[in-house]
Amino acid sequence: MKSPHRRQFLRLAAGAATLPAVSWTANAQTWPSRPVRLVVGFGAGSSADILARLMSQWLSERLGQQFIVENRTGAGGNIATEAVVRSPADGYTLLLAGSNDAINTKLYDNLSYNFIRDIEPIAALIRVPNVMVVNPSVPAATVPEFIAYAKANPGKINMASVGTGTVPHVAGELFNIMAGVNLVHVPYRGPAALNDLIGGQVQVMFPPIDISVEHIRIGKLRALAVTSAKRSEILPDVPTLGEFLPGFEASVFLGIGAPKSTPAAIVGRLNKEINAALADPNLKARYADLGAIVLGGSPADFGKLIAEDAEKWGKVIRVANIKAE
């Protein structure tokens with residue numbers, strides 16, 4: 001016969017074993033009970049920052065706690081991502097995850113974290129197409145004319161980007177591969193790339209559509225093609241690169257992630273609210289003004305998008321022999 005003391009011990013031990021699960025469940029049910037940080041790896045005023053603040057405002061209003069954007073720039077977004085990876089998985093630290101994270105999984109050999117393993121996908125937000133633009137002095141008004149010009153001048157046409165391994169860079173390298181040309185990569189930091197393109201110091205660039213559209217409209221830059229699978233609503237007369245190079249697609253995606261093992265109830269609630277935001281006509285219109293294409297979907301959908309983007313750009317990085325600076 002078991003002693004009363006042994007039975008009491010077993011009951012206490014069983015109860016203790018369930019405490020972590022009960023605690024997480026209770027926390028998820030009361031979440032959020034304090035402000036939530038959304039860490040952004042880009043500077044204040046950038047497109048990513050604006051998109052993050054629009055979503056943060058929505059979530060703050062819907063969930064009754066402040067969602068605060070925290071900009072932590074540097075290392076192509078790696079500083080922000082690592083900060084979130086090292087944070088408690090309690091739903092109070094989120095990451096604006098994006099194409100940069102997918103690319104960095106293949107570009108950097110010595111990261112102290114594994115993005116795909118260590119970040120819990122919550123929901124995809126948007127895609128922003130890039131656009132192939134040239135200085136007006138370039139003697140090409142179409143993609144075929146530019147390819148012919150580039151083949152006649154191998155190694156003489158400079159292609160600007162905002163840094164090695166960024167989407168404008170890998171999009172340009174994908175163009176090199178698919179068009180069979182040799183554009184020379186010139187990496188910049190920040191807006192100097194677009195300024196030098198307008199000034200004629202470099203000849204071509206593949207920037208996000210939102211930062212280049214006004215320059216296109218006033219004639220400072222010539223748009224040859226958008227890099228999305230479909231034509232852009234804000235540049236409807238500009239063809240896609242895929243119309244000339246079948247299968248070409250390049251764009252910036254953004255979404256929300258959290259530290260791995262964040263409670264499923266919190267992930268599910270955030271996913272539901274984010275999808276509701278993306279269906280709101282007013283917020284959709286704000287995103288559309290920035291040239292963004294709304295995505296949404298399940299956490300699994302976002303995880304699939306990340307994995308596919310990492311695989312795609314990983315191939316370009318290997319073929320073009322791109323090395324992190």
Side-chain angles (χ1 to χ4, degrees), residues 32 34-61 63 65-105 107-108 111-113 115 118-128 130 161-169 187-195 207-212 251-259 262 270 273-274 277-278 283 286-287 289-292 295 302 306 324-325:
R34 53 187 171 88
V36 178
R37 291 190 304 153
L38 175 56
V39 182
V40 175
F42 304 92
S46 64
S47 299
D49 176 71
I50 293 168
L51 290 161
R53 290 179 190 278
L54 288 171
M55 182 56 67
S56 292
Q57 182 180 352
W58 170 277
L59 292 173
S60 297
E61 292 171 356
L63 295 175
Q65 287 289 341
Q66 287 297 308
F67 280 67
I68 301 167
V69 170
E70 180 180 309
N71 302 95
R72 301 194 66 170
T73 61
N78 290 336
I79 291 173
T81 302
E82 183 171 6
V84 175
V85 167
R86 306 298 174 212
S87 296
D90 56 7
Y92 289 97
T93 304
L94 306 176
L95 174 70
L96 185 73
S99 301
N100 60 297
D101 292 297
I103 292 168
N104 289 349
T105 64
L107 182 63
Y108 291 88
L111 292 176
S112 63
Y113 61 88
F115 174 73
D118 296 335
I119 290 293
E120 195 84 48
I122 294 174
L125 298 180
I126 52 90
R127 272 193 185 277
V128 177
N130 291 58
S161 83
V162 291
T164 298
T166 58
V167 174
H169 177 204
Y188 286 80
R189 292 187 182 276
L194 207 59
N195 293 338
I209 197 168
D210 59 299
I211 68 168
S212 51
S251 55
V252 176
F253 75 78
L254 293 171
I256 303 292
T262 296
L270 273 168
E273 294 297 343
I274 290 168
L278 296 176
L283 192 60
R286 297 288 300 277
Y287 281 172
D289 288 342
L290 296 169
L295 295 177
F302 187 30
I306 292 167
E325 292 181 340

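In what follows, every heavy atom counts, from backbone to side chain, and hydrogens, waters and symmetry copies are set aside.
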### Message
Just to verify, what does A48 make a side-chain contact (heavy atoms from CB on, under 4.5 Å) with, not counting sequence neighbours?
### Response
F42, S46, L96, L254
### Query
Under 4.5 Å between any side-chain heavy atoms of I306 and F115, yes or no?
yes
### Query
Residues in side-chain hydrogen bond (donor to acceptor under 3.5 Å, both in side chains) with S212, at least two apart?
none
### Task
Please report the closest heavy-atom contact between G165 and L107, naming both atoms and the distance.
CA-CD2, 3.8 Å
### Nearest heavy atoms of W58 and E273, plus distance in Å
NE1-O, 3.3 Å
### Query
Which heavy atom of I211 sits nearest a heavy atom of P207, and at what distance?
CD1-CB, 4.0 Å
### Message
To the nearest 0.5 Å, what is the distance between CG on N130 and OG1 on T166?
### Response
9.0 Å
### Query
With Q57, which residues qualify under side-chain contact (heavy atoms from CB on, under 4.5 Å), at least two apart?
E61
### Message
Taking salt bridge (Lys or Arg N to Asp or Glu O under 4.0 Å) as the definition, give me every residue that meets it alongside R189, ordered by chain and number, with sequence neighbours left out.
### Response
none
### Message
According to side-chain contact (heavy atoms from CB on, under 4.5 Å), who are the partners of S99, at least two apart in sequence or on a separate chain?
### Response
V167, V252, F253, D309
## Note on the structure
Between E120 and T262 the two heavy atoms that sit nearest each other are OE1-N, 4.2 Å
## Note on the structure
side-chain hydrogen bond (donor to acceptor under 3.5 Å, both in side chains) filter on N100, not counting sequence neighbours, yields none
### Task
Tell me, please, which residues at least two apart from A80 pass side-chain contact (heavy atoms from CB on, under 4.5 Å).
V39, R72, L95
### Query
For S47, which residues count as a side-chain hydrogen bond (donor to acceptor under 3.5 Å, both in side chains) partner, sequence neighbours excluded?
D210
### Query
About how many Å separate CG of N104 and OH of Y113, when rounded to the nearest 0.5 Å?
6.0 Å
### Task
Please check if any side-chain donor atom of S60 sits under 3.5 Å from a side-chain acceptor atom of Q65, or the reverse.
no
### Message
With rounding to the nearest 0.5 angstrom, report the CD1 to CG distance, I256 to L270.
### Response
8.0 Å
### Summary
Sorted by chain and number, sequence neighbours left out, side-chain hydrogen bond (donor to acceptor under 3.5 Å, both in side chains) with E70 holds for R37
### Message
Distance check, rounded to the nearest 0.5 Å: I274 atom CD1 versus L283 atom CG?
### Response
11.0 Å
### Query
Which heavy atom in L295 sits nearest to a heavy atom in L278, and how many Å separate them?
C-CD1, 4.3 Å
### Query
Once you round to the nearest 0.5 Å, how far does OG1 of T73 lie from CD1 of I79?
6.5 Å
### Query
Which residue pairs pass the salt bridge (charged side-chain N to carboxylate O under 4.0 Å, His left out) test with at least one member in residues 44-58, sequence neighbours excluded?
D49-R53
### Task
Tell me yes or no: between the side chains of Y188 and N195, is some donor less than 3.5 Å from an acceptor?
no
### Pair L51-I126, side-chain contact (heavy atoms from CB on, under 4.5 Å): steps then yes or no
CA-CA 9 Å; L51 290 161; I126 52 90; 3.7 Å; yes
### Query
Between Y108 and N78, is a side-chain contact (heavy atoms from CB on, under 4.5 Å) present by the stated rule, with each step listed?
CA-CA 10 Å; Y108 291 88; N78 290 336; 3.4 Å; yes
### Task
Check the pair D118, R86 against salt bridge (charged side-chain N to carboxylate O under 4.0 Å, His left out), reporting the backbone distance first and the verdict last.
CA-CA 9 Å; D118 296 335; R86 306 298 174 212; 5.4 Å; no
## Note on the structure
Sequence neighbours excluded, the answer for salt bridge (Lys or Arg N to Asp or Glu O under 4.0 Å) partners of R286 is none
### Task
Could you tell me the separation between the CG atom of L94 and the CG atom of L38, rounded to the nearest 0.5 Å?
6.0 Å
### Message
Can you give me the closest heavy-atom contact between G77 and D101, atom names plus distance?
### Response
O-OD1, 4.5 Å
